[in-house]
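Right, one structure below, let's go through it.
In the text below, chain A, chain B and the rest are named by the order of the sequence lines, each starting its count at 1. Predicted, not measured: the structure shown is a model, and the values here were computed from it.
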There are 2 protein chains.
Amino acid sequence: MLTIGDLSRKTGVKIPTIRYYEQMGLLDAAERSEGNQRRYAAPERERLSFIKHARELGLTIEAIRELIDLSAHPERPCEEADRIAAEQLTAVREKIEKLRRLEKELKRIATRCAGDQIKDCYVIRALAHHEMCESDH
Amino acid sequence: MLTIGDLSRKTGVKIPTIRYYEQMGLLDAAERSEGNQRRYAAPERERLSFIKHARELGLTIEAIRELIDLSAHPERPCEEADRIAAEQLTAVREKIEKLRRLEKELKRIATRCAGDQIKDCYVIRALAHHEMCESDH
DNA sequence: TGGCCAATCTCTAGTCACTATAGAAAATGA
DNA sequence: TCATTTTCTATAGTGACTAGAGATTGGCCA
């Protein structure tokens, strides 16, 4: 059995975060030692790795909860799980698109400073005047 | 003079957000009407547009505060402003890179479901097993 | 077996950038 | 004048943690 510290080291998830996931219902309430400390075995470790991976992919706690509920019902169709992954993919693509536009704008702003005093600073002027932007955001 | 509602409509910044910016010191404490309501003129509107634009570009409140402080000293060199913009650009580029890797992973996960039941679901299996991933995240 | 220190426990509060709500007061239009 | 809308302040909630206080437990060494 692993202590919470062992589990943390093995998964790379911080201790308070593990307790937080338990509180949020992503992890079942852990078994306890005689002295009331949490003890974990392999299945909990796998569950935590699942959660970590999903979080790294940007899924919300809520989405992860849905997936965990789904995986508790292996006979159900997996359309729901597909939908969650597809939604996440769409969200990620939208974020990338938005950030690309920002990158363009910032590149212009950050590399084109003509004066050397604040009063002539392109950065300040560009931020003050949206109409200097080339794309919309 | 504009009421807070007028200012909100003209800039697209929500009323509570305007009050929040005032509280955070990004906007000076507004003038007040006899009945204690906030009244705004052109300079405040410009300042708010500046803040909005900077926020859309992903700058933190703290970074915006720095820029505002800088713009209050027009004789200073604009290196600081350049640095803030450049840092932001780097941060945006890093975010894009990270999201690209996630997109790749999610694309694989979301489009490759073989079975039609949860027990065979690729989404669930992929999330459980990081070693199925092609890039690191 | 005692002592010690690291690890763990619970609980609360803080983070960021807002957003929402409640209850009261002011402004506006009919 | 009255009703409706807008604004006011103050407080609490959001998501996903992170940090801290103060108490208890675990494991090791002598």
Side-chain angles (χ1 to χ4, degrees), chain A residues 1-27 29-40 44 47-48 50-68 84 87-88 91-92 95 98 102 137, chain B residues 1-27 29-40 44 47-48 50-68 84 87-88 91-92 95 98 102 137:
Chain A
M1 297 293 267
L2 301 170
T3 66
I4 197 167
D6 296 334
L7 184 65
S8 170
R9 272 181 298 277
K10 278 181 198 292
T11 58
V13 178
K14 289 183 187 153
I15 293 173
T17 307
I18 296 173
R19 292 198 275 247
Y20 170 74
Y21 288 157
E22 180 181 315
Q23 205 188 320
M24 292 298 100
L26 297 190
L27 295 172
E31 272 183 64
R32 299 292 180 131
S33 72
E34 276 189 35
N36 198 37
Q37 297 190 354
R38 289 171 179 81
R39 290 297 123 95
Y40 299 93
E44 289 82 54
R47 166 78 64 93
L48 184 56
F50 177 102
I51 296 167
K52 191 195 180 203
H53 195 184
R55 283 293 301 136
E56 284 170 345
L57 291 171
L59 279 77
T60 63
I61 298 285
E62 195 41 47
I64 297 169
R65 208 198 315 274
E66 282 183 65
L67 286 175
I68 288 172
I84 291 170
E87 273 177 17
Q88 193 52 34
V92 166
K95 270 189 210 159
K98 242 181 149 176
L102 297 189
H137 47 254
Chain B
M1 298 291 268
L2 301 170
T3 66
I4 197 167
D6 296 334
L7 184 66
S8 170
R9 272 181 296 278
K10 277 182 198 292
T11 58
V13 178
K14 288 183 186 153
I15 292 173
T17 306
I18 295 173
R19 291 197 277 247
Y20 170 75
Y21 288 157
E22 179 181 316
Q23 208 189 318
M24 292 298 101
L26 297 190
L27 294 172
E31 271 183 66
R32 298 293 179 128
S33 73
E34 276 188 35
N36 197 37
Q37 296 191 353
R38 289 171 180 81
R39 290 296 123 94
Y40 299 93
E44 289 81 53
R47 166 76 65 93
L48 184 56
F50 177 102
I51 296 167
K52 190 192 182 207
H53 193 183
R55 283 293 302 137
E56 284 169 344
L57 291 171
L59 279 77
T60 64
I61 298 286
E62 194 42 45
I64 297 169
R65 208 197 317 273
E66 282 184 64
L67 287 175
I68 288 172
I84 291 170
E87 274 177 16
Q88 194 51 34
V92 166
K95 269 189 210 159
K98 241 181 149 177
L102 296 188
H137 46 254

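- When the P atom of C/dT8 is taken as reference, atom CE of A/Met1 falls 14 Å away, rounded to whole Å.
- Using a 4.0 Å cut-off, no side-chain N or O of B/Arg32 falls inside it from OP1 or OP2 of C/dA25.
- For B/Arg65 and B/Glu62, the salt-bridge test passes: some basic side-chain N is under 4.0 Å from an acidic carboxylate O.
- In terms of heavy atoms, A/Leu67 sits closest to A/Phe50 at CB-CZ, 4.0 Å.
- The distance between atom CD of A/Glu34 and atom C1' of C/dT8, rounded to the nearest whole Å, is 16 Å.
- Taking 4.5 Å as the limit, every side-chain heavy atom of A/Thr3 sits out of range of all side-chain heavy atoms of A/Leu7.
- Crowding of B/Glu87 atom CD: a count of heavy atoms from other residues, nucleotides or ligands under 6.0 Å exceeding 12.
- Remark: A/Glu44 does not engage A/Arg47 in a salt bridge, criterion side-chain N to carboxylate O under 4.0 Å.
- Rounded to whole angstrom, the span from the OH atom of A/Tyr20 across to the P atom of C/dT15 amounts to 17 Å.
- Counting 5' to 3', DNA chain D first comes under 4.0 angstrom of a heavy atom of chain B and last does so at the ends given by D/dT7 to D/dT9.
- No option in B/Val13, B/Thr17, B/Leu26 other than B/Val13 meets the side-chain contact (heavy atoms from CB on, under 4.5 Å) test with B/Leu48.
- With rounding to whole Å, B/Ile18 atom CD1 is found 15 Å from C/dA17 atom C1'.
- For C/dA26, neither phosphate oxygen OP1 nor OP2 lies less than 4.0 angstrom from any side-chain nitrogen or oxygen of B/Ser33.
- Regarding B/Leu27, its CG atom lies at a distance of 12 Å from the P atom of C/dC18, rounded to whole Å.
- Residue B/Tyr21 has a polar side-chain atom (N or O) positioned under 4.0 Å from OP1 or OP2 of C/dC18.
- Rounded to whole Å, the distance from CD on B/Gln23 to C1' on C/dT19 is 13 Å.
- Rounded to a whole Å, the CD atom of B/Glu62 is 16 Å from the C1' atom of C/dC18.
- When each of A/Arg19 and A/Arg55 is assigned the nucleotide of DNA chain D with its nearest heavy atom, A/Arg55 is the one assigned upstream, toward the 5' end.
- Summary of the strand contacts: B/Gly35 and A/Arg39 both lie near DNA chain C, and taking for each the nucleotide with the nearest heavy atom, the more 5' one is attributed to A/Arg39.
- Set against C/dC9, C/dT19, C/dC18, the side chain of B/Lys14 has C/dT19 as its closest nucleotide.
- Here the C1' atom of nucleotide C/dC9 and the CZ atom of A/Arg38 are 7 Å apart, to the nearest Å.
- In terms of heavy-atom proximity, B/Gly12 sits nearest to B/Lys52 at O-CE, 4.1 Å.
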